[in-house]
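One structure is given here, and the rest of the page talks about it.
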Amino acid sequence: MSCRRSSSQVGRLAAVRSGISATSSQMVGLVGSAVTRLQKQLGGAATDTLRLVNQFNPPPTIESLNPLVAVGGLTGQLTGRRHLHNHLKNGLGTVRLARNVSSGLGTGLARLSRAKGQPTIQRSFFRERVQARQWQTRLTTAVNARDLMLLPGVTVKASYGQMIEVGGQSWHAGLMLVQTAQGERAMTHLQRLSIPAAHVYFDRALKDQEIVGIIAGERGYEARHLRGFAGEVTEVESLLPFSRLKQSLIKAHLLWGR
(Lines give C-alpha, C1' and ligand atoms only; values in the text may rest on other atoms or scores of the structure.)
Protein backbone atom coordinates (compact mmCIF):
# COMPACT_ATOMS: atom_id res chain seq x y z
CA MET A 1 0.00 0.00 0.00
CA SER A 2 2.85 2.31 0.92
CA CYS A 3 4.54 1.65 -2.40
CA ARG A 4 1.33 2.34 -4.33
CA ARG A 5 0.81 5.63 -2.44
CA SER A 6 4.39 6.67 -3.11
CA SER A 7 4.05 5.76 -6.75
CA SER A 8 0.81 7.73 -6.99
CA GLN A 9 2.41 10.77 -5.34
CA VAL A 10 5.40 10.59 -7.63
CA GLY A 11 3.07 10.37 -10.63
CA ARG A 12 1.06 13.40 -9.50
CA LEU A 13 4.26 15.33 -8.81
CA ALA A 14 5.63 14.46 -12.25
CA ALA A 15 2.36 15.56 -13.85
CA VAL A 16 2.44 18.84 -11.96
CA ARG A 17 6.04 19.41 -12.97
CA SER A 18 5.22 18.52 -16.54
CA GLY A 19 2.35 20.98 -16.51
CA ILE A 20 4.55 23.69 -15.06
CA SER A 21 7.22 22.93 -17.67
CA ALA A 22 4.67 23.11 -20.48
CA THR A 23 3.25 26.35 -19.13
CA SER A 24 6.73 27.82 -18.81
CA SER A 25 7.53 26.84 -22.39
CA GLN A 26 4.32 28.46 -23.58
CA MET A 27 5.16 31.63 -21.64
CA VAL A 28 8.67 31.73 -23.10
CA GLY A 29 7.21 31.25 -26.57
CA LEU A 30 4.68 34.03 -26.07
CA VAL A 31 7.32 36.40 -24.71
CA GLY A 32 9.63 35.53 -27.61
CA SER A 33 6.88 36.21 -30.14
CA ALA A 34 6.02 39.51 -28.47
CA VAL A 35 9.69 40.58 -28.50
CA THR A 36 9.99 39.63 -32.19
CA ARG A 37 6.88 41.66 -33.10
CA LEU A 38 8.15 44.62 -31.07
CA GLN A 39 11.56 44.47 -32.76
CA LYS A 40 9.95 44.35 -36.19
CA GLN A 41 7.74 47.35 -35.39
CA LEU A 42 10.70 49.21 -33.91
CA GLY A 43 12.83 48.42 -36.95
CA GLY A 44 10.15 49.62 -39.36
CA ALA A 45 9.65 52.84 -37.41
CA ALA A 46 13.42 53.41 -37.32
CA THR A 47 13.66 52.93 -41.10
CA ASP A 48 10.89 55.46 -41.74
CA THR A 49 12.41 57.96 -39.30
CA LEU A 50 15.89 57.69 -40.81
CA ARG A 51 14.55 58.27 -44.31
CA LEU A 52 13.45 61.68 -43.08
CA VAL A 53 16.47 62.39 -40.87
CA ASN A 54 19.00 61.46 -43.57
CA GLN A 55 17.58 64.12 -45.89
CA PHE A 56 19.24 66.76 -43.71
CA ASN A 57 22.97 67.44 -43.75
CA PRO A 58 24.13 68.14 -40.17
CA PRO A 59 27.32 70.20 -39.60
CA PRO A 60 30.15 67.68 -40.08
CA THR A 61 32.93 69.31 -38.07
CA ILE A 62 33.53 71.93 -35.39
CA GLU A 63 35.11 74.13 -38.06
CA SER A 64 31.84 74.18 -40.00
CA LEU A 65 30.36 76.22 -37.13
CA ASN A 66 32.76 79.12 -37.75
CA PRO A 67 30.15 81.05 -39.81
CA LEU A 68 27.86 80.83 -36.78
CA VAL A 69 30.57 82.44 -34.67
CA ALA A 70 30.97 85.21 -37.27
CA VAL A 71 27.22 85.86 -37.26
CA GLY A 72 27.30 85.90 -33.47
CA GLY A 73 30.07 88.51 -33.55
CA LEU A 74 28.09 90.73 -35.91
CA THR A 75 24.94 90.33 -33.83
CA GLY A 76 26.91 91.13 -30.69
CA GLN A 77 28.22 94.35 -32.19
CA LEU A 78 24.74 95.41 -33.26
CA THR A 79 23.07 94.58 -29.94
CA GLY A 80 25.90 95.41 -27.61
CA ARG A 81 26.10 91.82 -26.34
CA ARG A 82 29.63 90.92 -27.33
CA HIS A 83 29.92 88.59 -24.34
CA LEU A 84 27.60 86.10 -26.07
CA HIS A 85 29.92 86.00 -29.06
CA ASN A 86 32.93 85.56 -26.79
CA HIS A 87 31.26 82.66 -24.94
CA LEU A 88 30.45 80.93 -28.22
CA LYS A 89 33.94 81.47 -29.62
CA ASN A 90 35.64 80.25 -26.45
CA GLY A 91 33.33 77.24 -26.23
CA LEU A 92 34.11 76.12 -29.75
CA GLY A 93 37.81 76.68 -29.13
CA THR A 94 37.65 74.43 -26.06
CA VAL A 95 35.84 71.70 -27.96
CA ARG A 96 38.33 71.93 -30.83
CA LEU A 97 41.25 71.62 -28.41
CA ALA A 98 39.63 68.63 -26.68
CA ARG A 99 39.08 66.93 -30.03
CA ASN A 100 42.66 67.44 -31.15
CA VAL A 101 44.14 66.23 -27.87
CA SER A 102 41.84 63.20 -27.63
CA SER A 103 42.48 62.37 -31.28
CA GLY A 104 46.20 62.17 -30.54
CA LEU A 105 45.55 59.98 -27.51
CA GLY A 106 43.19 57.80 -29.55
CA THR A 107 45.81 57.28 -32.23
CA GLY A 108 48.36 56.31 -29.58
CA LEU A 109 45.92 53.79 -28.10
CA ALA A 110 45.08 52.45 -31.56
CA ARG A 111 48.76 51.86 -32.33
CA LEU A 112 49.32 50.10 -29.02
CA SER A 113 46.32 47.83 -29.72
CA ARG A 114 47.96 46.24 -32.77
CA ALA A 115 47.49 42.49 -32.59
CA LYS A 116 50.67 40.62 -31.71
CA GLY A 117 52.55 39.43 -34.75
CA GLN A 118 50.37 41.44 -37.17
CA PRO A 119 52.09 43.95 -39.47
CA THR A 120 51.17 47.58 -40.10
CA ILE A 121 50.36 47.99 -43.78
CA GLN A 122 51.03 51.34 -45.45
CA ARG A 123 49.14 52.04 -48.65
CA SER A 124 48.51 54.96 -51.00
CA PHE A 125 45.09 55.83 -52.37
CA PHE A 126 43.65 58.28 -54.87
CA ARG A 127 46.73 58.59 -57.07
CA GLU A 128 48.98 58.53 -54.02
CA ARG A 129 47.46 61.73 -52.60
CA VAL A 130 46.20 59.99 -49.47
CA GLN A 131 48.43 57.83 -47.29
CA ALA A 132 46.85 55.28 -44.95
CA ARG A 133 48.14 52.87 -42.33
CA GLN A 134 46.12 49.75 -41.49
CA TRP A 135 46.52 47.06 -38.86
CA GLN A 136 44.58 44.35 -37.03
CA THR A 137 43.62 45.37 -33.49
CA ARG A 138 42.92 43.56 -30.25
CA LEU A 139 40.09 46.01 -29.54
CA THR A 140 37.72 44.78 -32.26
CA THR A 141 35.80 42.27 -30.14
CA ALA A 142 35.09 44.82 -27.39
CA VAL A 143 34.35 47.72 -29.76
CA ASN A 144 31.96 45.70 -31.94
CA ALA A 145 30.21 44.18 -28.92
CA ARG A 146 29.22 47.66 -27.69
CA ASP A 147 26.88 48.03 -30.67
CA LEU A 148 24.82 45.04 -29.53
CA MET A 149 24.90 45.65 -25.79
CA LEU A 150 21.56 44.84 -24.09
CA LEU A 151 19.89 43.97 -27.41
CA PRO A 152 17.93 40.68 -27.12
CA GLY A 153 17.53 38.10 -29.84
CA VAL A 154 20.71 39.00 -31.74
CA THR A 155 23.35 36.33 -32.41
CA VAL A 156 26.78 37.31 -33.69
CA LYS A 157 27.90 34.97 -36.47
CA ALA A 158 31.14 36.79 -37.32
CA SER A 159 33.00 39.86 -36.11
CA TYR A 160 35.79 41.62 -37.96
CA GLY A 161 37.65 44.90 -37.63
CA GLN A 162 40.78 46.92 -38.25
CA MET A 163 42.33 50.25 -37.39
CA ILE A 164 42.92 52.76 -40.17
CA GLU A 165 45.01 55.89 -39.67
CA VAL A 166 44.71 58.75 -42.13
CA GLY A 167 46.20 62.20 -41.59
CA GLY A 168 47.12 61.40 -37.99
CA GLN A 169 43.54 60.40 -37.08
CA SER A 170 42.68 56.80 -36.24
CA TRP A 171 39.37 55.13 -37.00
CA HIS A 172 38.07 51.69 -36.12
CA ALA A 173 36.30 49.98 -39.00
CA GLY A 174 34.14 47.19 -37.58
CA LEU A 175 31.97 44.68 -39.41
CA MET A 176 29.54 42.24 -37.83
CA LEU A 177 27.37 39.58 -39.40
CA VAL A 178 24.44 38.88 -37.09
CA GLN A 179 21.34 36.72 -37.01
CA THR A 180 18.12 38.41 -35.94
CA ALA A 181 14.41 37.61 -36.11
CA GLN A 182 14.46 39.44 -39.45
CA GLY A 183 17.19 37.21 -40.86
CA GLU A 184 20.92 37.66 -41.35
CA ARG A 185 22.11 41.26 -41.28
CA ALA A 186 25.44 43.05 -41.76
CA MET A 187 26.53 46.11 -39.79
CA THR A 188 29.60 48.16 -40.62
CA HIS A 189 30.49 50.87 -38.12
CA LEU A 190 33.24 53.40 -38.73
CA GLN A 191 34.12 55.44 -35.66
CA ARG A 192 36.83 57.97 -35.04
CA LEU A 193 38.80 57.57 -31.81
CA SER A 194 38.35 61.05 -30.39
CA ILE A 195 36.04 63.18 -28.25
CA PRO A 196 33.71 64.23 -29.73
CA ALA A 197 33.64 61.15 -31.93
CA ALA A 198 32.19 60.65 -35.40
CA HIS A 199 30.22 57.55 -36.46
CA VAL A 200 29.15 56.22 -39.86
CA TYR A 201 27.02 53.08 -40.40
CA PHE A 202 26.44 50.86 -43.44
CA ASP A 203 24.45 47.69 -44.07
CA ARG A 204 27.28 46.03 -46.01
CA ALA A 205 31.02 45.47 -45.93
CA LEU A 206 33.11 48.33 -47.31
CA LYS A 207 36.20 48.19 -49.47
CA ASP A 208 39.38 49.74 -48.07
CA GLN A 209 39.27 52.49 -50.67
CA GLU A 210 35.72 53.40 -49.62
CA ILE A 211 36.74 53.55 -45.96
CA VAL A 212 39.77 55.73 -46.69
CA GLY A 213 37.70 57.94 -49.00
CA ILE A 214 35.12 58.55 -46.27
CA ILE A 215 37.78 59.30 -43.66
CA ALA A 216 39.76 61.59 -45.93
CA GLY A 217 36.66 63.40 -47.18
CA GLU A 218 37.37 62.57 -50.81
CA ARG A 219 34.95 63.88 -53.39
CA GLY A 220 32.60 61.14 -54.54
CA TYR A 221 33.04 59.25 -51.27
CA GLU A 222 30.58 61.16 -49.13
CA ALA A 223 29.11 58.47 -46.90
CA ARG A 224 25.46 59.32 -47.56
CA HIS A 225 25.96 58.92 -51.30
CA LEU A 226 27.46 55.43 -51.09
CA ARG A 227 25.41 52.25 -51.42
CA GLY A 228 24.27 50.78 -48.13
CA PHE A 229 24.53 53.99 -46.11
CA ALA A 230 22.37 53.69 -42.98
CA GLY A 231 23.16 56.86 -41.06
CA GLU A 232 25.83 58.91 -39.34
CA VAL A 233 26.48 60.92 -36.21
CA THR A 234 28.87 63.78 -36.90
CA GLU A 235 31.25 65.22 -34.32
CA VAL A 236 28.93 68.20 -33.92
CA GLU A 237 25.93 65.93 -33.31
CA SER A 238 28.00 63.94 -30.78
CA LEU A 239 27.98 67.04 -28.59
CA LEU A 240 24.18 67.00 -28.40
CA PRO A 241 21.97 64.89 -26.08
CA PHE A 242 20.06 63.21 -28.93
CA SER A 243 23.19 61.61 -30.44
CA ARG A 244 22.62 58.35 -28.54
CA LEU A 245 19.00 58.25 -29.69
CA LYS A 246 20.10 58.68 -33.30
CA GLN A 247 22.62 55.85 -32.96
CA SER A 248 19.89 53.64 -31.49
CA LEU A 249 17.62 54.42 -34.46
CA ILE A 250 20.39 53.53 -36.91
CA LYS A 251 21.11 50.22 -35.18
CA ALA A 252 17.40 49.34 -34.95
CA HIS A 253 17.10 49.96 -38.69
CA LEU A 254 20.14 47.81 -39.46
CA LEU A 255 19.03 44.91 -37.25
CA TRP A 256 15.26 44.82 -37.76
CA GLY A 257 14.31 47.46 -40.31
CA ARG A 258 13.19 47.25 -43.91
Side-chain angles (χ1 to χ4, degrees), residues 60-61 98-126 128-151 154-180 184-218 221-223 226 228-235 237-238 243-244 246-248 250-251 254-255:
T61 64
R99 180 199 60 191
N100 294 340
V101 171
S102 63
S103 180
L105 293 174
T107 294
L109 174 63
R111 291 174 179 174
L112 290 174
S113 75
R114 181 166 58 88
K116 186 177 181 180
Q118 295 296 320
T120 297
I121 301 172
Q122 299 192 41
R123 299 173 62 188
S124 298
F125 295 84
F126 307 107
E128 300 188 354
R129 287 187 295 101
V130 179
Q131 308 299 316
R133 303 172 76 242
Q134 303 167 248
W135 61 92
Q136 299 299 311
T137 172
R138 299 190 301 269
L139 297 178
T140 288
T141 300
V143 173
N144 283 356
R146 288 185 60 191
D147 277 324
L148 303 180
M149 192 176 296
L150 302 179
L151 295 179
V154 179
T155 303
V156 178
K157 302 182 68 176
S159 179
Y160 309 99
Q162 64 174 326
M163 289 291 181
I164 298 184
E165 181 182 329
V166 177
Q169 293 188 347
S170 292
W171 291 63
H172 182 264
L175 167 65
M176 284 188 292
L177 301 178
V178 299
Q179 187 70 39
T180 75
E184 185 174 297
R185 299 293 178 95
M187 177 191 294
T188 290
H189 181 186
L190 307 182
Q191 52 187 311
R192 193 183 66 212
L193 305 186
S194 66
I195 300 173
H199 305 267
V200 188
Y201 291 87
F202 287 84
D203 66 4
R204 65 176 177 89
L206 296 177
K207 298 177 181 178
D208 286 348
Q209 180 158 320
E210 291 175 316
I211 295 174
V212 173
I214 293 170
I215 294 173
E218 283 293 308
Y221 285 85
E222 296 85 357
L226 295 179
F229 172 75
E232 67 179 329
V233 178
T234 69
E235 67 177 30
E237 290 179 304
S238 291
S243 61
R244 290 183 179 275
K246 188 175 182 181
Q247 278 188 280
S248 297
I250 295 170
K251 288 186 282 189
L254 286 170
L255 295 173

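Only heavy atoms go into these numbers, but all of them, side chains included; no hydrogens, no water, no symmetry mates. Fair warning: this is a prediction, and the values are worked out from it, not measured in the lab.
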- Item | Value rounded to 0.5 Å, distance of CZ in Arg192 from OG1 in Thr107 | 10.0 Å

- Note on the structure: Applying salt bridge (Lys or Arg N to Asp or Glu O under 4.0 Å) to Glu128 and not counting sequence neighbours gives none

- Query: With a 4.5 Å heavy-atom cut-off, do Leu190 and Leu206 have their side chains touching?
  - Reply: yes

- Message: Taking salt bridge (Lys or Arg N to Asp or Glu O under 4.0 Å) as the cut-off, I'd like each qualifying pair that reaches into residues 162-176, sequence neighbours left out, listed once.
- Response: Arg111-Glu165, Arg133-Glu165

- Query: Tell me, do Gln134 and Ile211 make a side-chain contact under 4.5 Å, heavy atoms counted?
  - Reply: no

- Message: Just to verify, what does His199 make a ring pair (Phe, Tyr, Trp, His ring centres under 6.0 Å) with, not counting sequence neighbours?
- Response: His189

- Message: A side-chain contact here means heavy atoms from C-beta on lying under 4.5 Å apart; do Val178 and Met187 qualify?
- Response: no

- Query: Who are the ring pair (Phe, Tyr, Trp, His ring centres under 6.0 Å) partners of Phe126, not counting sequence neighbours?
  - Reply: Tyr221

- Heavy-atom pair of closest approach, residues Ala205 and Thr188: CA-OG1, 3.7 Å

- Item | Between CG on residue Leu105 and CG on residue Asn100, distance to nearest 0.5 Å | 11.0 Å

- Message: A side-chain contact here means heavy atoms from C-beta on lying under 4.5 Å apart; do Ile214 and Leu226 qualify?
- Response: yes

- Set of side-chain contact (heavy atoms from CB on, under 4.5 Å) partners for Ala115, sequence neighbours left out: Gln118, Gln136, Arg138

- Task: Give a yes or no on this: more than 12 heavy atoms of other residues, nucleotides or ligands lie within 6.0 Å of atom CZ of Arg244.
- Result: no

- With Asn144 via side-chain contact (heavy atoms from CB on, under 4.5 Å) - residues at least two apart: Thr140, Ser159, His172, Met176

- Message: Using 0.5 Å steps for rounding, measure from the CD atom of Gln122 to the OG1 atom of Thr120.
- Response: 7.5 Å

- Just wondering, more than 12 heavy atoms not from Leu148 lying within 6.0 Å of its CG? yes

- Query: Taking only residues two or more places apart in sequence or in another chain, which ones pass salt bridge (Lys or Arg N to Asp or Glu O under 4.0 Å) with Arg123?
  - Reply: Asp208

- Query: Do any N or O atoms from the side chain of Trp171 and from the backbone of Val212 form a donor-acceptor pair under 3.5 angstrom?
  - Reply: no

- Query: Given side chains that start at C-beta, do those of Leu193 and Leu109 come closer than 4.5 Å, heavy atoms only?
  - Reply: no

- Query: Do you know the tightest heavy-atom contact between Ser170 and Trp135?
  - Reply: OG-CH2, 4.3 Å

- Message: The criterion is side chain to side chain donor-acceptor pair (under 3.5 Å); which residues satisfy it with Ser248, sequence neighbours excluded?
- Response: none

- Task: Could you list the residues that satisfy side chain to side chain donor-acceptor pair (under 3.5 Å) with Arg146, not counting sequence neighbours?
- Result: none

- For the pair Thr180 (side chain) and Leu255 (backbone), establish whether a donor and an acceptor sit closer than 3.5 Å, ignoring hydrogens and angles. yes

- Task: For the pair Ser103 and Ser194, evaluate side-chain hydrogen bond (donor to acceptor under 3.5 Å, both in side chains) and give the outcome as yes or no after the intermediate values.
- Result: CA-CA 4 Å; Ser103 180; Ser194 66; 5.3 Å; no

- Item | Contact summary for Gln131 and Ser124, nearest pair of heavy atoms | OE1-OG, 2.7 Å

- Where Leu254 and Ala186 come nearest, the two heavy atoms and their spacing: CD2-O, 4.3 Å

- For Asp203, all residues meeting salt bridge (Lys or Arg N to Asp or Glu O under 4.0 Å), sequence neighbours excluded: none

- Over all heavy atoms of both residues, which pair between Ser243 and Val233 is shortest? Give the atoms and the distance, please. CB-CG1, 4.0 Å

- Query: Out of curiosity, Thr61 OG1 to Arg99 CZ, how far, rounded to the nearest 0.5 Å?
  - Reply: 6.5 Å

- ring pair (Phe, Tyr, Trp, His ring centres under 6.0 Å) partners of Phe125, counting only residues at least two apart: none

- Message: Would Leu175 and Phe202 count as a side-chain contact (heavy atoms from CB on, under 4.5 Å) here? Give the steps.
- Response: CA-CA 9 Å; Leu175 167 65; Phe202 287 84; over 6 Å; no

- Message: How close do Ala132 and Ile164 get, counting heavy atoms only, and between which atoms?
- Response: CB-CG2, 4.5 Å

- Message: Using the side chain to side chain donor-acceptor pair (under 3.5 Å) criterion, which residues pair with Arg185? Sequence neighbours excluded.
- Response: none

